Amino acid sequence: MSGPTLTVATEAIRANARRLRGQQELIAVVKADGFGLGATTMAGAARSAGAALLGVATLSEAVELLATGAADARVPVLAWLTDPDELAAALPALVELALPSRAHLAALLSALRRAPGAGGVRRVHLFVDTGMSRDGCPPADWPALCAAARSAERAGLITVVGVMGHLGCADPGSVDHDLAKHRFAAAVARARRAGLRPRRCHLAATAACLDAPGTRHDAVRVGAGLAGIDPSGQERLTPVARLSAPVVQVRRALAGALVGYGTGTRLSAPTWLGLLPIGYADGLPRTASGRGEVVIAGRRRPLLGAISMDQVVVDLGGAPVPVGTEATVFGAPGAPTLRDWADWAGTIEHDVLTGIGRRVRRVAVDHLAGDSPLSQQEAA
Ligand SMILES: *Cc1c(COP(=O)(O)O)cnc(C)c1O
């Protein structure tokens, strides 16, 4: 018995990667510790499915991937959410940077001028906002960003290897989607008119890969889909993860007994209760209290009472199970799915998966069903 465990199937990640990339290059997004699955595990599987580049949000994520060897000269890493101050410091040459503003570019150039030749010419992507009003360069500032980048190219400091956008909506029927697509195409054309020659233009993430093939350009930048999440809920991808926890204590409780914190959950009949050592600090969403279920010994069992920080009580019904029996929270045949948990918690699968805490052991296997001890290895 070894506590709560997230079992991650690397062959499922590879299958999702192959399916999503199609004919395009794959930029495998492994931010937020690989959507909670373990960045090293996710990166390794994506690399063996042919990823050309890894993608993360922050610079510290990128630096860590290089430090662990998950990214290297063959498969470098792109970071797109930086603070100009961070760019003013010396950065590993294998980090490609997506720049959303002239302030970011200026900070980077000042660092490159201070350390000429360090790591060669810096590879950058220019990042345009196609309509989310979030990250990326507002379209009005785009021509100036392109011009400034082109003159830095001429000065031999950077080379613009990509243009990047991100879609807030991947529904090809919607006006917002069509407008974003158009804005991206216009931004790429504008970059070319400025003399830039980006060879990797990338817009589509998971949802667009599945539902808006017209957005694929040179490369797709996918994360959730590698983790098996189909944002549309159509479940077209292979599930990647199983969350489980052992029953650590079993008791008989009488009618009228309260369960857990507060006075909201009182037993109306006697029952057997099991205790699972997993709570909201481990990513079991507290907002799923009163709705969540697990599978124990092949049967669905409701959770009872509020989900606590470290633990939760499960209703075993008329008969106890041996201490040590495994409960599946999600990801096995007959068990709830990650999507069920997202629905119970009133959120999306991404939120549940990335919320799985550090106390939960990660174990990488080839296949979830196979799980053979031979192929089993402790995830890094
Ligand atoms: C998270 C993220 C992605 C990956 O999106 P998925 O829907 O998880 O595939 C791609 N690009 C940007 C800018 C992101 O923030």
Side-chain angles (χ1 to χ4, degrees), residues 12-13 15-22 24-37 39 42-43 45-46 49 51-62 65 77-82 96-101 104 124-138 162-171 177 180-181 183-184 187 200-213 215-241 338-339 342 347-355:
I13 299 174
N16 291 331
R18 287 188 293 266
R19 154 137 204 202
L20 289 160
R21 68 178 285 207
Q24 272 70 31
E25 284 190 307
L26 173 65
I27 302 173
V29 178
V30 300
K31 63 188 180 183
D33 197 24
F35 286 68
L37 302 177
M42 189 129 147
L53 189 64
L54 303 178
V56 290
T58 69
L59 212 42
S60 55
E61 291 178 301
L65 286 173
V77 56
L78 167 68
W80 55 73
L81 187 61
T82 55
E96 299 190 7
L97 295 163
L99 303 176
S101 78
H104 287 78
V124 306
H125 303 235
L126 300 186
F127 182 5
V128 66
D129 177 14
T130 60
M132 290 182 77
S133 315
R134 194 186 72 169
D135 42 359
C137 178
V163 169
M164 159 173 174
H166 191 51
L167 293 167
C169 165
D171 172 4
H177 174 79
K181 241 176 90 167
R183 284 199 186 112
F184 186 70
R200 215 173 249 163
C201 295
H202 45 106
L203 175 62
T206 299
C209 273
L210 290 167
D211 294 317
T215 60
R216 291 174 149 266
H217 295 275
D218 305 310
V220 296
R221 213 176 48 246
V222 297
L226 301 181
I229 297 171
D230 178 347
S232 75
Q234 293 176 65
E235 307 195 348
R236 288 166 287 183
L237 298 167
T238 309
V240 166
L338 177 60
R339 186 168 191 91
T347 186
I348 58 175
E349 291 144 287
H350 316 54
D351 187 13
V352 177
L353 203 55
T354 56

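We're numbering straight along the sequence, starting at 1. All values reported here derive from a predicted model rather than from experimental measurement. Both counts, for ligands and for their atoms, begin at 1 and track the order of listing.
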Pick from T58, L99, V29: which one makes a side-chain contact (heavy atoms from CB on, under 4.5 Å) with W80?
V29
Locate the shortest heavy-atom distance separating R216 from V220; write the atom from each residue and the value.
NH1-CG1, 3.9 Å
Validation row, ring centre F184 to ring centre H217 under 6.0 Å
yes
Show the protein residues that qualify under the rule heavy atom under 4.0 Å from an atom of ligand 1, listing them in chain and number order.
V29, K31, F35, W80, R134, M164, H166, A205, T206, R221, V222, G223, A224
Quick one, R200 with E25, criterion salt bridge (Lys or Arg N to Asp or Glu O under 4.0 Å). Give me CA distance, side-chain angles, the key distance, then yes/no.
CA-CA 9 Å; R200 215 173 249 163; E25 284 190 307; 2.7 Å; yes
Assign the ring pair H350 / F35 to parallel, tilted or perpendicular, where the plane angle (0 to 90°) is split at 30° and 60°.
tilted
With a 4.5 Å limit on heavy-atom distance, are the side chains of M164 and L126 in contact?
no
